[in-house]
Colleague: 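Input: one structure, supplied below.
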Amino acid sequence: MSKEGKIVIDDERLEAFEKEKEKRRRAGRIMIFWRRFRRHRMGVFGLFIIIFVTFVGVFAPFLAGPGRLVPFGPRESNVQARFTPPFSYESAKDTAASQEASTLEKTVAAFYANYKLNFINGMSTTALPHYLQLSKIDSIVDETTEEELWSSSLDPADYLNANGSLRLPTSFNGSALIDYRTGGKIAFQINPSKNKLTFVSIFLAVRVDSPESVWGGKFKVYLYEAESDLNSANYLASSSVQSYLVSTGPSISLRLIDFRFSVAGLQITTGSTYTVVLDTEIMDIEFPGINQYVVTRSGPAEMDPLRTTNQNWNALDGWNDQDTATYEGWMAYVAVFYVTNKFHVFGTDALGRDILAATIWGATSSLTVAFLAQGITTLIGIIVGTIAGYYGGFWDNVLMRLTDIILAIPFFFLLLIAITLWEQISLYFMAIIIGVLGWAGIARVVRAQFLSLRELEYTEAARALGVSNVTIMFKHLLPNALAPVIVQTTLGTATVILIEAGLSFLGFGDPLAVSWGTAIQWGMTGNTLRFAPWVATIPGLAIFVVVLGFNLMGDALRDALDPRLKN
Amino acid sequence: MTFAEEPLLELEHLKTQFFTEDGVVKAVDDVSFKLHRGEVLGLVGESGCGKTITSLSILKLVPTPPGKIVGGKVMFNGEDLLELSEERMRQIRGNEISMIFQDPMTSLNPVFTVKNQILENIKLHQDVSEDEALEKGIELMQMVGIPEARRRINDYPHLFSGGMRQRVMIAMALSCNPQMLIADEPTTALDVTIQAQVLDLIKDLQEDLNMAVLYITHNLGVIAEIADNVAVMYAGNIVEYTDVNTIYDKPDHPYTRALLSSIPRMDKKISRLGVIRGTVPNLITPPSGCRFHPRCPYATEKCSTQVPPYVEIEPSHFSFCHYAATL
Ligand SMILES: Nc1ncnc2c1ncn2[C@@H]1O[C@H](COP(=O)(O)OP(=O)(O)OP(=O)(O)O)[C@@H](O)[C@H]1O
Ligand SMILES: [Mg+2]
């Protein structure tokens, strides 16, 4: 009984085994390939990375900047959303409540100290990128007096808490989270190059992101002689502004507050150092996770590379009536800097742009360019290589010399030139240029394949059966030539990602898109790298991981597709 | 064997040359022969004598450049194929004249299933639906003796043995009932027992379908099995043309004789196999006069200076020799 039973099982097993064998025997090339590919752990890992990043790139509108993005709307309308943290403020609120405030406070304090030091040495060179220029500045806050600001029909006691913070109506959801934080002083030094110092101008850019926010602040600027006690009243000049602003929803609300004070008539000596102190007393409604700190930049207006920007600002703020060309001044761009916290998982850059959001959007940009460019490259390469290799002779000569020429072109510089010639660069344009210049390698690989394929008997056989040349080339032979093309394309994609990042880093990218290269650039401006290394590191890591993924996969493909290896 | 007067294929003074850097390779030089419906013509000759190029010239498949058909006519069904457009030629290839090749290991495309490849040819030349084409494909596979054709048609070529692949190639070549089949050493790459099977298959199919077959080989033994007539080729020329019995019994041309003495035979007892002295001439600067004269034991002064005439020794027995029928 048991013996019989055993035999039955063996039969079944045998049958199953036979079935499996048959399945393997009949497995198509794709199955065989997949089986070989699967054996390369690192290759599968690379594939996983690529799939993951592609997923992130494709779904970036949903992952970053919730509810703020218009996926198919005008590209400009997406710009702001691209810098918004990917988590809704509502979800961050709970965790970021008061218990977090104290740790935040400490971090901020340490940060602040570092900052201050950096201001004194050399100044941050943070510049507003051109996509945050005038059009993105909703309004320039009026220079209102303190009385004007706070005088409303209400008694201050109705809207101020005992500690001075603004109390919101109870209907407001976030009222429980209101947190008051005092401002602080920042000092930085200026070196007048001429003695005709006529004014010191400071721009304050504040980022507000809160579901609903009313934000008010009081800013004072003092000009001291270098050796003075910066807390004393012995300043040479001062100016102050109070302003408030309203923003709705989490967004970058960049408000520029311009205040300047005249130093006409003061004895300013060329070459000697003065200190400007910016005193912020932020009378705001503060939401957890928002920490205003200040980055400044100074320099003579005439030499400022952002001159145009300044002039735009000036135009709005009544600077038109003065002849800016004759002025010499110092400007400080004051921005908000965020430390890493629950709301901004990877922190923000000097202008408060969320690094996680930028990294997510960077995947979109990077992969758009990489896939499009590599697609073009592969297509042209295949067509050129196929024709050259299959027909040989005259066409081979013409096409291969063309390939040599393409290879001899200093690719990157031509790219830079081409991109400079077009003023407004889009990702697609960049991809097309990279693609159109990059096909030489693939063409050579395909040609080499065809040189041997065309000698094979099945080519002859197909011709003897009356199949047309085009059909033979692209239908019969191309699939046989694809293995090295796939490998080359995979590795090439990694290269395109690096090129795209490089171009963006150098500022030749699409100004309306966030690229990893751009984000690294954010992290490189001024002293950011020193005190906020994550800004450059996170997108840098993203590049590293994706390029690694493509390379691992390319290597695994090379092995899996190698015809010399049997199953 | 007698055939209808009008030949199916008639080569007239066909000349094919390769224009290479080293010079002009006169691979096929003034080749003429006839092939009738239902006839099997064996084309024999040493390696490099131009057999393949002759057959490729018929189909206008000579690799161009460097190759070029520089003269002659290829009359097929009363039409000169050399005058036809490439488009018309494509309709003829695989449809009216089919060709099978030497190496079955590489004559099937490894990335497509057999079904894919057979059906493609059927659909290329015939206006049939997918299902009809499939049925026809299976039928062809059965015809060429592939067991379990319905199942195996879905396999990739690497799952077939050499002999099976050659059968598949034959099935593909016959898929449109061609009037003529060119078989270029179809059994050379196969082992002996399989060779015999494939040979029988070709012979059977030829008889069933009443096809004309141009059978290329350097194996005279195979010729004995299959051919009705034989054309012996040497350095781009046809040196002897006759029926298969005569070639074994009364070979005329010295080259044919030398060739025959170099193969072992069952019916005659010889102590040593003959060796043709010298080497195959270079076709860029072929020997003057008779191309075989440097290697010919009977060569005279005349042989090296004058191109020999085609002598019809007996009806339908031609010899390309100054001393035809006299040696
Ligand atoms: N592409 C080519 N370029 C130059 N010469 C060629 C080319 N193809 C063939 N030839 C020459 O043409 C001659 C005839 O070649 P062919 O292939 O017809 O020989 P064959 O009789 O078929 O030989 P085998 O028995 O080896 O197949 C050879 O001498 C060869 O050198
Ligand atoms: Mg040959």
Side-chain angles (χ1 to χ4, degrees), chain A residues 18-19 21-33 389-398 449-486 561-567, chain B residues 19 52 55-56 58-66 86-113 116-118 120-125 151-152 154-159 165 168-169 172-173 175-176 178 181-182 184 189:
Chain A
E18 284 297 327
K19 255 190 200 155
K21 232 172 82 181
E22 174 71 6
K23 213 174 92 192
R24 292 201 168 202
R25 201 177 68 86
R26 298 166 59 84
R29 291 180 71 85
I30 294 185
M31 274 315 293
I32 293 171
F33 156 71
Y390 184 79
Y391 287 114
F394 172 75
W395 284 113
D396 190 22
N397 260 323
V398 170
Q449 290 285 307
F450 268 79
L451 282 182
S452 63
L453 285 175
R454 70 168 184 188
E455 302 297 337
L456 290 184
E457 224 142 75
Y458 57 77
T459 311
E460 195 88 77
R463 294 174 72 211
L465 288 172
V467 184
S468 68
N469 279 331
V470 175
T471 314
I472 294 179
M473 281 193 279
F474 292 105
K475 196 176 155 201
H476 294 207
L477 299 190
L478 191 56
N480 286 287
L482 278 185
V485 175
I486 292 171
L561 291 167
D562 189 342
R564 280 168 305 197
L565 293 173
K566 284 278 168 202
N567 290 15
Chain B
F19 297 87
T52 300
S55 60
L56 291 180
I58 296 171
L59 285 172
K60 286 215 285 188
L61 285 177
V62 179
T64 316
E86 177 62 22
E87 198 148 321
R88 179 81 186 89
M89 272 317 287
R90 282 213 303 275
Q91 291 167 5
I92 288 178
R93 292 179 199 140
N95 196 18
E96 291 169 42
I97 306 179
S98 272
M99 186 159 178
I100 50 180
F101 294 87
Q102 178 172 345
D103 188 2
M105 299 320 258
T106 61
S107 50
L108 287 170
N109 194 331
V111 302
F112 298 111
T113 60
N116 217 311
Q117 299 184 51
I118 294 189
E120 174 171 34
N121 192 41
I122 296 174
K123 285 187 284 185
L124 190 67
H125 294 295
R151 187 171 67 81
R152 302 227 54 192
N154 290 312
D155 283 352
Y156 282 89
H158 71 270
L159 299 173
R165 285 192 212 185
V168 172
M169 285 308 295
M172 279 170 69
S175 59
C176 299
L181 176 71
I182 299 174
D184 189 356

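Every chain is numbered from 1, with letters handed out A, B, ... down the list of sequences. Since this is a predicted model, take the numbers as computed values, not measurements. No hydrogens, no waters, no symmetry mates; every other heavy atom, side chains included, goes into these values.
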Colleague: Using non-hydrogen atoms only, which part of B/I182 is less than 4.5 Å away from chain A: side chain, backbone, both, or neither?
Modeller: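 Interface part for B/I182: neither.
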Colleague: Checking A/T471 against chain B: side chain, backbone, both or neither under 4.5 Å from a heavy atom?
Modeller: side chain
Colleague: Which of the residues B/L124, B/L59, B/N116 is involved in the greatest number of heavy-atom pairs with chain A at under 4.5 angstrom?
Modeller: B/L124
Colleague: Does the side-chain hydrogen bond (donor to acceptor under 3.5 Å, both in side chains) test come out yes or no for A/H476 and B/Q117, once each step is laid out?
Modeller: CA-CA 9 Å; A/H476 294 207; B/Q117 299 184 51; over 6 Å; no
Colleague: Rounded at 0.5 Å granularity, tell me how far CZ in A/R463 sits from NZ in B/K60.
Modeller: 12.0 Å
Colleague: Would you name the heavy atoms of A/L465 and B/M172 that are closest together and state the gap between them?
Modeller: CD1-CE, 3.5 Å
Colleague: Does a side-chain heavy-atom distance below 4.5 Å link B/P157 with A/Y458?
Modeller: no
Colleague: Locate the shortest heavy-atom distance separating B/V111 from A/P479; write the atom from each residue and the value.
Modeller: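 Scanning both residues, the minimum pair turns out to be CG2-CB, 3.5 Å.
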Colleague: Please round to the nearest 0.5 Å and tell me the distance separating atom CG of A/L477 and atom CG of B/N109.
Modeller: 7.0 Å
Colleague: Show the nearest heavy-atom pair for residues A/A461 and B/F101, with the distance to one decimal.
Modeller: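 So the two residues come closest at CA-CE1, 3.2 Å.
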Colleague: Around B/E87, counting heavy atoms of other residues, nucleotides and ligands shown, do more than 12 lie under 6.0 Å from its CD?
Modeller: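 Counting other residues, nucleotides and ligands, CD of B/E87 stays at 12 neighbours or fewer.
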Colleague: Rounded to the nearest 0.5 Å, what separates atom CD in A/E460 from atom CG in B/D184?
Modeller: 9.0 Å
